[in-house]
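All residue numbers in this chain count up from 1 along the given sequence.
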Amino acid sequence: MLMNGVARAWKEGSKFASIFAAHSVYASARCVPDFINPSSHGVPAFGRETKECGIRCFHASLQVWAKNDGPLDLKTPKKVKYSRRDHRRQPTVRNVTATKSNPDKTVEIFEGMTLVELAKRSGKSVSSLQDVLTNVGEKVESEFEPLSMDIAELAAMEAGVNVKRLHSVQGTEILPRPAVVTVMGHVDHGKTSLLDALRQTSVAAREAGGITQHLGAFVVVMPSGASITFLDTPGHAAFSAMRARGAAVTDIVVLVVAADDGVMPQTLEAIAHAKAANVPIVVAINKCDKPGANPEKVKLQLASEGMLLEEMGGDIQVVEVSATEKIGLDNLEEALLLQADMMDLKARIDGPAQAYVVEARLDKGRGPLITTIVKAGTLVCGQHVVVGSQWGRIRAIKDTAGKLTQRATPAMPVEIEGLRGLPMAGDDVIVVHSEERARMLSSGRQRKYEENRLKNKMIQDKQTTSDDSAEVPQRVEMPVFINVVHVGVGPISQSDVDLAQACGACIVGFNVKTPPTPLSQAATRASIKIILHRVIYHLLEDIGNLIIEKAPGTSETHVAGQAEVMSIFEIKGSKSKGPDVKIAGCRVIDGSVTRSATMRLLRSGEVVFEGLCTSLKREKQDVDTVKKGNECGLVINDWHDFQVGDVIQCLQQVVRKPKFIKSESGAVRIEC
């Protein structure tokens, strides 16, 4: 191409050829002046002024251009035979680094960030983020236009990255807030009784079985005028997950340990939760008024678990209290307030609320209800919120006393209603400007959660496949399936009894009223079992016993007794009485020997023969069983070679049922 241009220029005149030669020597390998383009025709193309000359880029390899970088020859080039060029479009190769989707990446977003800033943090291009916002109906005029946090989160989620919201405190009112305290400890160590003593209400009397059934949040006003928000996490092992989510929103953990019981498994579990959340601990040694109380032993146990107590040079405060006698409550209050003062807890008051879900439940008349604790800002009734992947408009806000209120301030636990669905404990509560924005953000989060769920499932499947391929002995767990025919809310009705009779099922009621007498009699006549409980782990025990009752069991051979051969007797046979019979005179040395069982003959510890017992006599009388310490004579079918010193074992087939095991921590399991 270059040489053809040279030849054409030479034909037009030496003047233009000299100009062309000067320019072509310094031409780039990729860029050639437009006036040597083969598409140019005639001399006027060479006479254009410099300001009108553009640069045209050719996508050619460096090797091709290198052939023409030598000394410029002014001779006309020889004709070369060219092959026909394929005019099909070839793909353009570009050296572009592909951006892969990283669902595990988390970017921080804030109010007022620009699209350019979001692109830098997420690793996506500005154009791709603009396309995302256009597809969801959001119009952004410029890439430097400030975005709201809702729009930024929506764009980031659609781009395949996780987000973390950062709330600015500039220009807002920052005030001290009460501390959020979580009470943890082992079952029956007196957590609810301690809170009952602090707030002067009878919570423990209303709780079934003395075990807290729900994670409650309430505010305690101290005599000094300061207020503390308490989370009462249930102490039983069945509520381990509830206790874990309590540690996620707390500022201080009160670890309750009974002075007469010491450190127990759930005490260690509570310590692990608090350490994982990086939350300071205040130890309350309860039941110090009991005769068997030993607080010093409890302190040594805590120290052995890595707890650095103040008395031993650490920073963990220890208070000895008694919930029933109301001893040491003032000291506990001072310890909590001192810990809160050292932490200097503050929060912004104005602006949109930042809250977290403590618990969520479904009420038959009011719909989904969630208990939240506001961490910053103010939650106002009537606002549109997105909670996890659910959304709604706050219809009502109730405080811990059940009274309606219009707003909730930091560290204030409230119950809100108005959501369209039930969120998960630990979800964040986000205030949005409109219903449309709430719908879009909720649907985006639902898609993101589903993608994460499928991804985690694929990872687990791969791990299971790799574990199966490895030849490592593993513990095998057999799942137990319980067919739940019907689930309802409210008292047990006649329709429930009819359905149970048709399906051959039992009826389980939790925290419901006792059915009326006619209904109970009808269930008894239909042989339908009704199980009623108010304490969750008692219900689990009954379900476990029901599984054991229905399980077929495993047939096993057990040794019911052993007898030692002391002497041998022989009865001569005849035509009328039959063949000769060898009788083993034995003494039962263990258990009992039964005539209907199978006998195993051992000689020098090795099994010689197994057969049925055809005769068992004691003092010339036929008997069914001979117990330990007694002598007897027995005959084994088809065996006549008895020797003194042989051991005869009585074998018995036993159907072994699964075992229902209850551990010290309150956990239950069925062991086959």
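Taking a cutoff of 4.0 Å between a charged side-chain nitrogen and a carboxylate oxygen, Glu564 and Arg587 do not qualify as a salt bridge. With respect to Glu359 and Arg361, no salt bridge is recorded, no charged nitrogen being found less than 4.0 Å from a carboxylate O.
Under the 3.5 Å distance criterion, with hydrogens and angles disregarded, no donor-acceptor pair is assigned to the side chains of His189 and Asn286. Defined by atom type and a distance below 3.5 Å, a donor-acceptor pair is present between the side-chain atoms of His533 and Asp542.
Expressed to the nearest 0.5 Å, how far CD of Glu296 lies from CD of Gln301 amounts to 12.0 Å.
Evaluation of the ring-ring contact (aromatic ring centres under 6.0 Å, His included) test over residues 290-321, restricted to residues two or more places apart or in two chains, returns none. Counting only residues at least two apart or on different chains, no salt bridge (charged side-chain N to carboxylate O under 4.0 Å, His left out) pair has a member in residues 503-514. Evaluation of the salt bridge (charged side-chain N to carboxylate O under 4.0 Å, His left out) test over residues 282-295, restricted to residues two or more places apart or in two chains, returns Asp260-Lys290. Counting only residues at least two apart or on different chains, no ring-ring contact (aromatic ring centres under 6.0 Å, His included) pair has a member in residues 287-323. Identified under the ring-ring contact (aromatic ring centres under 6.0 Å, His included) test for residues 298-317, with sequence neighbours left out: none. Within the structure, the ring-ring contact (aromatic ring centres under 6.0 Å, His included) test picks out no pair touching residues 285-323 (sequence neighbours left out).
Phe569 meets the ring-ring contact (aromatic ring centres under 6.0 Å, His included) test with no other residue; sequence neighbours excluded. Thr517 pairs by the side chain to side chain donor-acceptor pair (under 3.5 Å) definition with nothing, not counting sequence neighbours. In this view, Ser493 and Ser495, Asp496 satisfy the side chain to side chain donor-acceptor pair (under 3.5 Å) rule, not counting sequence neighbours. Remark: Gln390 pairs with no residue by the side chain to side chain donor-acceptor pair (under 3.5 Å) rule, at least two apart or across chains. For Asp315, the side chain to side chain donor-acceptor pair (under 3.5 Å) criterion is met by no residue, not counting sequence neighbours.
Although no hydrogens or angles enter the test, the distance criterion places no donor-acceptor pair under 3.5 Å between the side chain of Ser193 and the main chain of Gly190.
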Table please: side-chain donor-acceptor pairs of residues 595-617 below 3.5 Å, with sequence neighbours left out.
{"from": "Arg595", "atom 1": "NH2", "to": "Asp624", "atom 2": "OD1", "distance (Å)": "2.9"}
{"from": "Arg600", "atom 1": "NE", "to": "Glu610", "atom 2": "OE2", "distance (Å)": "2.8"}
{"from": "Arg600", "atom 1": "NH1", "to": "Gln649", "atom 2": "OE1", "distance (Å)": "3.3"}
{"from": "Arg600", "atom 1": "NH2", "to": "Glu610", "atom 2": "OE2", "distance (Å)": "3.3"}
{"from": "Arg603", "atom 1": "NE", "to": "Asp646", "atom 2": "OD1", "distance (Å)": "3.1"}
{"from": "Arg603", "atom 1": "NE", "to": "Asp646", "atom 2": "OD2", "distance (Å)": "3.4"}
{"from": "Arg603", "atom 1": "NH2", "to": "Asp641", "atom 2": "O", "distance (Å)": "2.7"}
{"from": "Arg603", "atom 1": "NH2", "to": "Asp646", "atom 2": "OD2", "distance (Å)": "2.9"}
{"from": "Thr614", "atom 1": "OG1", "to": "Val635", "atom 2": "O", "distance (Å)": "3.3"}

